[in-house]
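First the structure, in the form of structure tokens, and then the observations on it.
Residue numbers start from 1 in every chain, and the chains themselves are labelled A, B, ... in the order their sequence lines are given, proteins ahead of strands.
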There are 2 protein chains.
Amino acid sequence: MKNQQRSEETRTRILAAALDCFARYGYAASGVAEICQAAGVSKGAFYHHFAGKQALFQSLLGDWLTDLEQTLTRAASTANSVPERLTNMARMARLIFHSNSPQTSFLLEFWSQASRDAAVRQAIIAPYRRFQRYFADLIQQGVDEGTLQPVNALAAAQTLISLTSGLFLQHLVDPQGADWAQATEDAIHLLLHGLQKPEGGAP
Amino acid sequence: MKNQQRSEETRTRILAAALDCFARYGYAASGVAEICQAAGVSKGAFYHHFAGKQALFQSLLGDWLTDLEQTLTRAASTANSVPERLTNMARMARLIFHSNSPQTSFLLEFWSQASRDAAVRQAIIAPYRRFQRYFADLIQQGVDEGTLQPVNALAAAQTLISLTSGLFLQHLVDPQGADWAQATEDAIHLLLHGLQKPEGGAP
DNA sequence: TTTAAAAAACCGACTGGTTGGTATGTTTTT
DNA sequence: AAAAACATACCAACCAGTCGGTTTTTTAAA
């Protein structure tokens, strides 16, 4: 086998094993030796590919975030009006929730570390800002085309992200507690149509 | 000093020190010895009051949750219509966010552990269910009194909790990233009034 | 009230096991 | 032959929890 291929495969195996271990036992409880054994490689290989446990962790985070970004932007491209697009993205939640359910529980570790480690925080904040801008643009577009109320686009985007983050968080903590995919659809629907009954009639 | 007083004070000191350490360095990185030093007590005292590190952790969680529950229910009791009450509670977010900001970052550890430890999960889920029922009742009341749309109360309550959880999560990860108290008010307002512009006129 | 014993609270040195990381050697590719 | 990739034994540091002993408080008998 070519060297480059072999190397890349080992790296991938380590990443996959680490993802599994972190999700199963948590970051702190997952030893490097344990990860190596799960990946079927030696410690030498590990430290040849990664500067340390933390570096591996951040690498994992980066990969997941770029994946999410790609998935989301793809889903938004197939619809006409902005409300339709948002509904589509909400429906896609089912896919995200179900596909790699156990693996994603390591995201809690990310958030946890981000609150203390500046490097991790930056790694999370940067794509977050991109998401926010993306949704803000989308919402502004909806306002311009007249399908959305004349709201503050940035604030509305933040609300949307907070809502989905919260749903995802609860899904991670208590996967069996509810049909979170359905809950996401319901929540987006509720956000779109409003909870309060309008007092006066429309013009 | 009386024995009971002394004992209780030591226990409180340990809890406070642990809260500080967990928030600052995380659960795993905070050693029992470190906590003891910060609290000004010995290991003997520690293990006299708590069965172990994990027990201390859960004790901390319990205290925080009961505090939150009390604060919230108090805030909901002073208003007339249901939308007003919800707005009031949103305004109270500023208080929650600002009061003990750094301390609360240990909640991320809770969520993280809850996804793996059944005991921690139960400790979080039980009050969560109470919150959900409480808000569902509130929303149902709003539907009955005609101030809210005829929505599914339980689903709407879940949405409300997810939204606030998400906001709190982001506040913990990136406290300086935004005015999260304001964002909470905005978000609740948005949820109440809806994002999408109604197509037809009202009756 | 005094006192002695029992109980509760507290102390701190010690340990057995774990772990991230390293140093050195070996295999495979270039 | 050089370099990249990988393997393995090893270590120093750390850490949750223990254990025998000490101080303080309470109890209760004298």
Side-chain angles (χ1 to χ4, degrees), chain A residues 1-61 106 109-110 112-113 116-117 119-120, chain B residues 1-61 106 109-110 112-113 116-117 119-120:
Chain A
M1 196 194 298
K2 278 197 178 168
N3 211 359
Q4 209 175 347
Q5 277 180 17
R6 180 170 65 129
S7 175
E8 199 167 324
E9 192 186 310
T10 325
R11 195 187 136 92
T12 307
R13 285 241 299 278
I14 294 174
L15 282 169
L19 185 64
D20 188 62
C21 285
F22 288 160
R24 217 189 285 271
Y25 316 110
Y27 175 81
S30 300
V32 173
E34 205 175 351
I35 294 172
C36 289
Q37 194 180 359
V41 301
S42 70
K43 265 195 175 182
F46 181 95
Y47 281 97
H48 177 75
H49 284 283
F50 299 95
K53 199 180 167 188
Q54 187 70 18
L56 164 74
F57 182 76
Q58 293 191 33
S59 186
L60 226 44
L61 170 61
F106 83 122
E109 299 275 356
F110 282 156
S112 195
Q113 289 199 21
R116 277 182 301 274
D117 188 295
V120 178
Chain B
M1 196 195 296
K2 280 200 176 165
N3 211 0
Q4 208 174 352
Q5 277 179 17
R6 179 171 65 129
S7 175
E8 200 166 324
E9 191 185 311
T10 324
R11 194 187 138 92
T12 307
R13 285 240 300 278
I14 294 174
L15 282 169
L19 185 63
D20 188 61
C21 285
F22 287 161
R24 215 188 286 273
Y25 316 111
Y27 175 80
S30 299
V32 172
E34 204 174 353
I35 294 172
C36 289
Q37 195 180 359
V41 301
S42 70
K43 268 196 173 180
F46 181 95
Y47 282 98
H48 178 75
H49 284 282
F50 299 96
K53 200 180 165 186
Q54 187 69 18
L56 164 74
F57 182 75
Q58 292 191 35
S59 186
L60 226 45
L61 170 61
F106 83 122
E109 298 275 356
F110 282 155
S112 195
Q113 289 199 20
R116 276 183 300 274
D117 187 296
V120 178

First of A:G44 and A:Y27 reached from the 5' end of DNA chain C, by closest nucleotide |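 The residue closer to the strand's 5' end, by nearest nucleotide, is A:Y27.
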If you only use heavy atoms from C-beta on, which nucleotide in [options] is closest to the side chain of [X]?
X     : options               : value
A:K43 : D:dC6, C:dT22, C:dC11 : C:dT22
B:R6  : D:dT24, C:dG20, D:dA4 : D:dT24
A:A45 : D:dC6, C:dG21, C:dC10 : D:dC6

Between [X] ([atom1]) and [N] ([atom2]), how many Å, whole number?
X     : N      : atom1 : atom2 : value
A:I35 : C:dG21 : CD1   : C1'   : 13 Å
B:Y47 : D:dT18 : OH    : P     : 7 Å
B:F46 : C:dC11 : CZ    : P     : 14 Å

OP1 or OP2 of [N] sitting under 4.0 Å from any side-chain N/O of [X]?
X     : N     : answer
A:S42 : D:dT8 : no
A:T10 : D:dC6 : yes
A:H48 : D:dA7 : no

Under 4.0 angstrom, heavy atoms only, what part of the nucleic acid is B:G31 near: base, sugar-phosphate, or nothing?
->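 Sugar-phosphate, backbone atoms only, no base.
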Taking the inter-plane angle between the rings of B:F22 and B:F57 on a 0 to 90° scale, is it parallel (under 30°), tilted (30 to 60°) or perpendicular (over 60°)?
-> perpendicular
